[in-house]
Amino acid sequence: NTDHRGTPEQPGRTVTLELDPHSTCWGIAYRVSDQEKESIALSYLELREKEYDLRVHLDLYTDLHSSEPAICGVLVYLASTDRNRNKYYLGEAPLKDMAWQIARAVGPSGPNAEYLFKLHRCLRDIGCEEKELEDLVDKVQKFLV
């Protein structure tokens with residue numbers, strides 16, 4: 001991310017969703033019912049999510065054990081790993097390297113570490129705990145001390 005939690009000289013790292021039919025993504029979906037508000041929301045999202053080069057409609061499940069989606073056709077922004085199509089895609093990196101990059105990056109929306117810590121807290125609040133995320137948070141906190 002070069003315009004919110006980083007700069008072109010010091011890019012930040014933000015969550016990037018990649019298409020993987022065997023994975024589960026935890027999060028929150030928003031429904032916008034008024035057509036005018038939907039148009040405003042989509043305009044905002046198109047600007048905010050400009051880094052993502054794929055827009056897909058997926059089914060949303062609220063129960064991991066259900067075979068029936070709660071909502072069908074939820075708009076999701078995904079990133080391809082093709083750097084010719086998505087110049088902001090940084091890809092995987094060793095944990096220490098990602099933590100160091102996150103600890104140093106600051107953009108107009110604030111420190112990249114703040115983004116990570118808020119993401120971590122929000123996911124914990126909805127019952128999602130991931131060891132990789134926990135390890136990244138711990139490593140970033142150590143770099144900030």
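- Taking each heavy atom of A103 and L144 in turn, the nearest pair found is O-CD2, 3.7 Å.
- Under a hydrophobic clustering in which Ile, Leu, Val, Met, Phe, Trp and Tyr are joined whenever their side-chain heavy atoms come within less than 4.5 Å, directly or via other members, L54 and V76 fall into the same cluster.
- Each ring-ring contact (aromatic ring centres under 6.0 Å, His included) pair with one or both residues in residues 117-145, not counting sequence neighbours, appears once here: W100-F143.
- Closest heavy-atom contact between G6 and A105: CA-CB, 4.4 Å.
- Here the straight-line distance linking atom CG of L60 with atom CZ of R31 works out to 9.5 Å at 0.5 Å rounding.
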Query - Worked verdict on T14 versus L119 for side chain to side chain contact (heavy atoms under 4.5 Å, CB included) - result: CA-CA 9 Å; T14 55; L119 170 69; over 6 Å; no
Report task. Go through V74 and D59 one step at a time and tell me if the side chain to side chain contact (heavy atoms under 4.5 Å, CB included) criterion holds. Result -> CA-CA 6 Å; V74 174; D59 293 338; over 6 Å; no
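- Note that CG of D63 is 11.5 Å distant from CD of E68, once rounded to the nearest 0.5 Å.
- Under a hydrophobic-cluster definition in which Ile, Leu, Val, Met, Phe, Trp and Tyr are linked whenever side-chain heavy atoms come within less than 4.5 Å, directly or via other members, L90 and L133 are assigned to different clusters.
- The main-chain N or O of R13 is found under 3.5 Å from a side-chain atom of N112 such that the two form a donor-acceptor pair.
- Scored by the side-chain hydrogen bond (donor to acceptor under 3.5 Å, both in side chains) test, S23 finds D20 as partners (sequence neighbours excluded).
- Panel note: side chain Y115, backbone V15; a donor-acceptor pair is recorded below 3.5 Å.
- For the atom pair L58 CG and C72 SG, the distance stands at 11.0 Å (nearest 0.5 Å).
- Residues W26 and L19 share a hydrophobic cluster, clusters being chains of Ile/Leu/Val/Met/Phe/Trp/Tyr side chains in contact below 4.5 Å.
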Query - Stepwise side chain to side chain contact (heavy atoms under 4.5 Å, CB included) check, E46 with R55 - result: CA-CA 10 Å; E46 287 296 318; R55 287 152 191 81; 3.0 Å; yes
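- Between D135 and K131 there is a salt bridge, since at least one side-chain N of the basic residue sits less than 4.0 Å from a carboxylate O of the acidic one.
- Criterion: ILVMFWY side-chain heavy atoms under 4.5 Å apart, direct or through other members. Under it, I126 and L64 are part of a common hydrophobic cluster.
- Distance check, rounded to the nearest 0.5 Å: CD of E134 to CZ of R124 gives 7.0 Å.
- Annotation: the span from E130 atom CD to L136 atom CG amounts to 11.0 Å, rounded to 0.5 Å.
- Shown are R5, H4, Q10; of these, the side chain to side chain contact (heavy atoms under 4.5 Å, CB included) with T7 is made only by Q10.
- A distance-only check finds no donor-acceptor pair linking the side chain of E18 to the backbone of L78 [under 3.5 Å].
- In this structure, the separation between CD on E38 and CG on L45 is 10.5 Å, given to the nearest 0.5 Å.
- L116 and L17 fall within the same hydrophobic cluster, defined by Ile, Leu, Val, Met, Phe, Trp and Tyr side-chain heavy atoms under 4.5 Å apart, directly or through other members.
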